[in-house]
Novice: 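I'd like to ask some things about the structure below.
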Amino acid sequence: MDNCITLKNDCLTVLVSPLGAELKSIIKDNTQRLWQGDPRWWNGQAPLLFPICGCLSEGRYLHKGVSYDLPMHGFGRRSVFEVESADNTKAVFLLKSDVETLKVYPFEFELRVIYELKENRISITYVVINKTDGEMYFSVGSHEAYNCEGKTEDYEMFFENNEPLVNYLLDGPLLNGKTENMEYTNGALTFTDEKFKELDTYIFLNTESKKVTLKKKGSDKSISVEFSGIDNLLIWKEPGSEFFCIEPWCGLPDYVGEVKEISQKPAINKLEKNAVFQQTHTIIID
């Protein structure tokens with residue numbers, strides 16, 4: 001893959017593109033574990049969500065009374081990052097605000113995405129610095145999709161604390177304020193295409209568990225995601241496809257209703273001038 005940075009250790013070979021600072025490949029034991037994109041289902045792989053996660057009501061937000069348009073998940077995934085540094089097992093990607101970002105997002109910032117390999121683990125750290133005179137509001141999140149061959153119902157997800165799960169529901173792409181309680185089957189959350197058609201996405205807020213593990217029934221292979229410090233977890237797939245997305249978000253979609261000031265957006269993060277935000281999630285390939 002052209003221009004990708006290669007990270008490699010004795011367990012993993014990982015490719016990351018400067019376009020969107022996006023994961024493009026995870027290979028372990030000569031097996032591709034990251035979804036490679038297929039336009040029949042979804043041509044994404046692991047887009048970065050910044051400076052919003054999900055959709056805005058009417059596709060826009062307000063700041064100091066001025067309306068700004070932003071597409072779903074923001075502009076980070078379509079931005080070219082500078083490769084600030086890279087070696088065999090670690091790479092740092094940098095995006096800075098510029099004239100174009102300021103037209104749709106009136107905050108000056110630096111965003112670093114740091115990838116690091118340790119054995120069978122890939123840590124992904126987001127570092128946001130506010131360079132604006134005044135407060136900055138933002139969301140940031142991940143959207144990694146993992147290869148999952150076979151049927152949707154072949155897979156189950158284990159939550160480390162096995163706590164009661166409350167799923168927050170959507171009307172279209174927006175939260176509607178309704179919830180449903182989820183039930184485990186043999187200690188795991190299980191899935192069907194029909195449920196994904198109904199829900200689109202599972203949305204869990206402020207989970208007690210900060211690690212989940214996705215396994216195919218009867219397989220010794222698994223994907224785990226650790227997300228200590230990150231409040232919200234989303235699970236998504238296209239019905240009938242052979243991937244699952246496991247998405248830790250520092251943010252949420254808007255609720256159905258009127259367009260609001262960005263400071264009132266659900267799960268929004270606020271930084272004072274020159275303050276630093278940092279969060280890490282870790283992918284574990286077994």
Side-chain angles (χ1 to χ4, degrees), residues 11-12 14 22-38 41-42 44-47 49 53 115 117-124 141-168 182-249 280-286:
C11 292
L12 300 172
V14 170
E22 183 176 5
L23 269 173
K24 305 302 286 186
S25 177
I26 302 172
I27 294 176
K28 184 176 187 290
D29 298 330
N30 297 313
T31 301
Q32 179 61 256
R33 306 297 292 274
L34 190 74
W35 172 249
Q36 291 300 287
D38 184 336
W41 306 108
W42 181 54
Q45 291 182 263
L49 316 183
C53 297
Y115 289 88
L117 305 189
K118 291 182 180 179
E119 299 178 340
N120 65 331
R121 303 166 67 91
I122 309 163
S123 68
I124 305 170
S142 67
H143 202 307
E144 291 97 357
Y146 304 101
N147 275 338
C148 293
E149 295 180 353
K151 299 178 180 179
T152 298
E153 55 266 31
D154 292 340
Y155 288 83
E156 52 193 4
M157 180 173 288
F158 296 88
F159 287 69
E160 65 174 346
N161 289 341
N162 208 39
E163 75 266 24
L165 293 176
V166 177
N167 182 29
Y168 286 71
M182 306 302 300
E183 299 292 335
Y184 293 109
T185 302
N186 298 323
L189 184 64
T190 56
F191 308 96
T192 64
D193 285 337
E194 289 70 25
K195 192 65 174 175
F196 275 109
K197 288 176 184 177
E198 174 192 342
L199 292 177
D200 183 79
T201 307
Y202 291 81
I203 303 176
F204 301 118
L205 277 59
N206 301 308
T207 58
E208 294 177 18
S209 295
K210 296 301 178 183
K211 179 181 178 180
V212 295
T213 299
L214 182 69
K215 296 185 69 173
K216 187 176 185 179
K217 296 171 185 175
S219 173
D220 58 356
K221 294 181 179 180
S222 66
I223 300 283
S224 297
V225 179
E226 294 179 342
F227 51 101
S228 178
I230 298 176
D231 288 337
N232 307 315
L233 181 72
L234 289 81
I235 304 165
W236 174 75
K237 80 186 301 280
E238 283 286 349
S241 67
E242 293 189 315
F243 70 82
F244 275 84
C245 288
I246 304 173
E247 309 173 30
W249 285 14
T280 299
H281 69 283
T282 302
I283 302 165
I284 306 164
I285 309 294
D286 286 319

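Worth knowing before you read on, the calculation uses all heavy atoms, side chains too, and leaves out hydrogens, waters and symmetry mates. Counting from 1, the numbers follow the sequence of the chain as shown.
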Novice: On the ring face of F227, is K210 found with NZ or CZ under 6.0 Å from the centre and within 45° of the axis?
Specialist: no
Novice: Between K237 and C245, is there a side-chain heavy-atom distance shorter than 4.5 Å?
Specialist: no
Novice: Quick one: does any side-chain atom of N120 pair with a main-chain N or O of I285 as donor and acceptor, under 3.5 Å?
Specialist: yes
Novice: Taking atom CD of E198 as the centre, does the number of heavy atoms from other residues, nucleotides or ligands within less than 6.0 Å exceed 12?
Specialist: yes
Novice: Quick one: does any side-chain atom of N167 pair with a main-chain N or O of Y202 as donor and acceptor, under 3.5 Å?
Specialist: no
Novice: So with a 6.0 Å cut-off around CG of N161, is the heavy-atom count from everything else above 12?
Specialist: yes
Novice: Decide salt bridge (Lys or Arg N to Asp or Glu O under 4.0 Å) for E226 and R121; before the verdict, give the C-alpha distance in whole Å, the side-chain angles of both, and the deciding distance to 0.1 Å.
Specialist: CA-CA 10 Å; E226 294 179 342; R121 303 166 67 91; 2.6 Å; yes
Novice: Report the residue from F196, F243, W41 that forms a ring-ring contact (aromatic ring centres under 6.0 Å, His included) with W236.
Specialist: F243
Novice: For the pair N147 (side chain) and Q32 (backbone), establish whether a donor and an acceptor sit closer than 3.5 Å, ignoring hydrogens and angles.
Specialist: yes
Novice: Take L23 and I124 through the test side chain to side chain contact (heavy atoms under 4.5 Å, CB included) and record every step on the way to the result.
Specialist: CA-CA 10 Å; L23 269 173; I124 305 170; 4.1 Å; yes
Novice: Does the S219 side chain pair with the main chain of K217, one donor and one acceptor, at a distance under 3.5 Å?
Specialist: no
Novice: So does G150 get a backbone contact from the side chain of E242, meaning a donor-acceptor N/O pair under 3.5 Å?
Specialist: yes
Novice: Do side-chain atoms of K216 reach the backbone of E149 as a donor and acceptor pair under 3.5 angstrom?
Specialist: yes
Novice: Less than 4.5 Å apart, any side-chain heavy atom of W249 and any of L233?
Specialist: no
Novice: Answer yes if the side chains of H143 and Q45 hold a donor-acceptor pair under 3.5 Å, and no otherwise.
Specialist: no
Novice: So, the side chain of R33 versus the backbone of C148: is there a donor-acceptor pair under 3.5 Å, distance only?
Specialist: no
Novice: Test your reading of the model: is there a side-chain donor-acceptor pair from S142 to the backbone of E144, 3.5 Å cut-off?
Specialist: no
Novice: Verify the distance criterion only: is there a donor paired with an acceptor across the side chains of E156 and T185 at less than 3.5 Å?
Specialist: no
Novice: What distance separates F204 CZ from N232 CG, expressed to the nearest 0.5 Å?
Specialist: 11.5 Å
